[in-house]
Amino acid sequence: MIELTRVSKEYPRRGAALRDISFQVGKGEFAFLTGHSGSGKSTTLRLIHMSEKPSRGRIRVAGYDSERISPREIWKVRRRVGFVFQDFRLLPGRTALENVAFALEVTGTPGKLIVPKAQRLLSQVGLAPKAGALVNELSGGEQQRVAVARALANEPVILLADEPTGNLDERATKGIVDLFFQLNAMGMAVLMATHDLELMRRRSHARVLELDEGRLVFDSANPDDSGPDSPTGRAS
Amino acid sequence: MSYALREALAAFRRAPVLTGLASAMVGMALYVVGLFGLVAYNLQTSLALLEERVEVVAYLRDDVRTEEIELAVAELREIPEVRGVEYVSKDRALEDARAEFPDFQQVFADLEVNPLPASLEVELQAGSRTEENVDRIAQVASAFPFVEEVTYGEEWVDRLFTLRRIGALTALIVGTAFAVVAALIIGTALRIAIFARRDEIYIMRLVGAKDAFVRRPFLLEGALAGLLGGALALALTWLTFRGVDSFLFTIAWIPAAWAGAGVAVAVVFGVAASSLAVRRHLREVT
């Protein structure tokens, strides 16, 4: 489903953001991607989403290969990979329904199916009663649910989440993580970046990938390969 | 209504001052092109009238024989660019002069001998009155031994054609300059529109909208700006025409096909300019 092979990413000013990392996330798998700020979590997710190209190495996502795909075809990857962010990235001044409908409309859903499907997606994330509310009037947890509903618009097989609970209180965090696990139980692969160790402890059955200064230092699926000072290793 | 059209119209509704200003600037740029069209059309019409007067006159020696004249007329008529050849006898030349210059009646009455030569007036086909043709026919006429002199107003024919070339070149240079300005204005307006909608564009790409879909509203916006600008330019050109025609001197309005083509070109131009701008500025929204 997701396969990174010896991937490195360098930026002209910042230097190396990722150094020779390799891992796979299989179909229906749930994995936390953790590490300190600047460790390369967001860069990894952007590369998987093909928002950027790796400097070296190869990424395969849902059957698409970073070395072979043309820029004109990137949209095909994006429809197979949902993405949610810490800051929700919703369109202010529009309702929850309109935000989800927007994603459906711009990806070619026939006009008469847009509203029913948007309503169904909001129901799926438990937000049907707030469909008509402006997103800027919703709580953080509710806004993140709208973002998840939007990410599900194209029925993706992979969900990427970049610190999705970073702006949420404990209760909202639990609600969102529960939602991710529900989606995962339905067969969706989930890769969630977080540095919330407590969250990972509570979900100890999930796989953990840890980055440190752009290197993959721990993978709970292959614990023998993890470094001796792995913070997550200490946590688990 | 499609998403692209709705968004293109919404751009005008969301920022009416900005988009209106952009259209107005495009309109002003195209107005200058329109004025050039008006001037060019009237210049062309005037030049065409002047061109009609281009003819080659071969003055004949007094001792020319009738059969020689008939032979020359036949030979000149065989040239494809020649519409007709008229023989003007000495007597008719004097008659014409009397009619043309009534103030000199006494001078003509005192003449003992008719001093005016007979001539062959060679008229050219419409569309064939070029410098080269006039020169060539003048050379053919000069070659007859009984022809004393050939005139075709060399100086003013040369000036006429030079004027025409200068007019065409000026219109091309100024038109191109203003087209570049209009393209820059459309590009700037679209850059602002893209910046204003960067969140939407970002989300469109995030969820997998095709690039063509992302671009379409902006191309339509360019087409609308071109259409509005073209219509504004046409209206301003017409008002100018009415003003000049009513208060200064009589001029002709450009043909409807020119006006239609002008607006169509403005629309195509708007789309082309926005296409370039969108390609360039969409990269800034990642």
Side-chain angles (χ1 to χ4, degrees), chain A residues 45-46 49-53 61-62 64 69-85 87-94 98-111 114 118 121 135-136 146-160 162, chain B residues 1-19 187 190-224 271-272 274-286:
Chain A
L45 295 183
R46 281 202 301 274
H49 193 243
M50 297 199 182
S51 302
E52 296 176 32
K53 292 196 83 167
V61 181
Y64 295 98
I69 195 164
S70 83
R72 287 172 186 270
E73 290 180 315
I74 298 288
W75 62 270
K76 292 179 183 173
V77 181
R78 307 274 170 86
R79 291 191 189 185
R80 306 279 283 162
V81 182
F83 207 152
V84 292
F85 301 89
D87 57 0
F88 323 129
R89 303 198 188 172
L90 299 171
L91 294 173
R94 298 197 193 192
E98 285 168 346
N99 266 274
V100 180
F102 179 76
L104 291 164
E105 184 175 22
V106 301
T107 49
T109 304
I114 291 173
L121 287 165
V135 289
N136 30 314
V146 177
V148 173
R150 183 183 65 193
L152 300 178
N154 294 304
E155 295 163 18
V157 291
I158 298 167
L159 183 66
L160 304 176
D162 192 0
Chain B
M1 195 190 296
S2 76
Y3 170 80
L5 184 59
R6 204 174 64 226
E7 285 303 309
L9 291 174
F12 281 80
R13 207 173 47 241
R14 281 182 203 138
V17 175
L18 179 70
T19 45
L190 278 181
R191 186 177 184 177
I192 293 166
I194 288 169
F195 184 76
R197 292 180 53 211
R198 63 192 182 284
D199 292 343
E200 282 178 41
I201 294 166
Y202 177 83
I203 288 162
M204 285 164 87
R205 288 184 156 167
L206 178 75
V207 298
K210 294 179 189 173
D211 273 357
F213 188 93
V214 177
R215 275 201 291 266
R216 212 171 294 152
F218 298 106
L219 298 186
L220 263 175
E221 200 177 320
L224 282 174
V271 173
S274 53
S275 176
L276 284 173
V278 164
R279 266 173 205 281
R280 194 169 151 218
H281 298 309
L282 272 184
R283 282 188 217 131
E284 294 168 15
V285 183
T286 54

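In what follows, chains are A, B, ... by sequence order, proteins preceding strands, each numbered from 1.
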Quiz prompt | chain B-proximal positions within residues 149-158 of chain A [heavy-atom distance under 4.5 Å] | solution = A/R150, A/N154
Quiz item: Under 4.5 Å, heavy atom to heavy atom, which residues of residues 209-220 of chain B contact chain A?
Solution: B/A209, B/K210, B/F213
Can a donor-acceptor pair be found, under 3.5 Å and without considering hydrogens, that links the side chain of [X] to the backbone of [Y]?
X: B/R205; Y: A/R78; value: no
X: A/N99; Y: A/L91; value: yes
X: B/D199; Y: A/R89; value: no

Quiz item: Can you name the closest pair of heavy atoms from A/A147 and A/F88 and give their distance?
Solution: CB-O, 3.8 Å
Exercise. Identify the heavy atoms of A/T107 and A/R79 that sit nearest to each other, and give their distance.
Key: O-NH1, 3.2 Å
Practice problem: Name all residues meeting the side-chain hydrogen bond (donor to acceptor under 3.5 Å, both in side chains) criterion together with A/R46; count only those two or more places apart in sequence or in a different chain, and write none if there are none. | Solution: A/Y11, A/E52
Self-check item: Those residues that, when tested against A/K76, pass side-chain hydrogen bond (donor to acceptor under 3.5 Å, both in side chains) (two or more places apart)
Solution: A/E73
Exercise. To the nearest 0.5 angstrom, please state how far the CD1 atom of A/I114 sits from the CD atom of A/E105.
Key: 4.5 Å
Self-check item: Whether A/F83 and A/H49 hold their rings parallel, tilted or perpendicular, with breakpoints at 30° and 60°
Solution: perpendicular
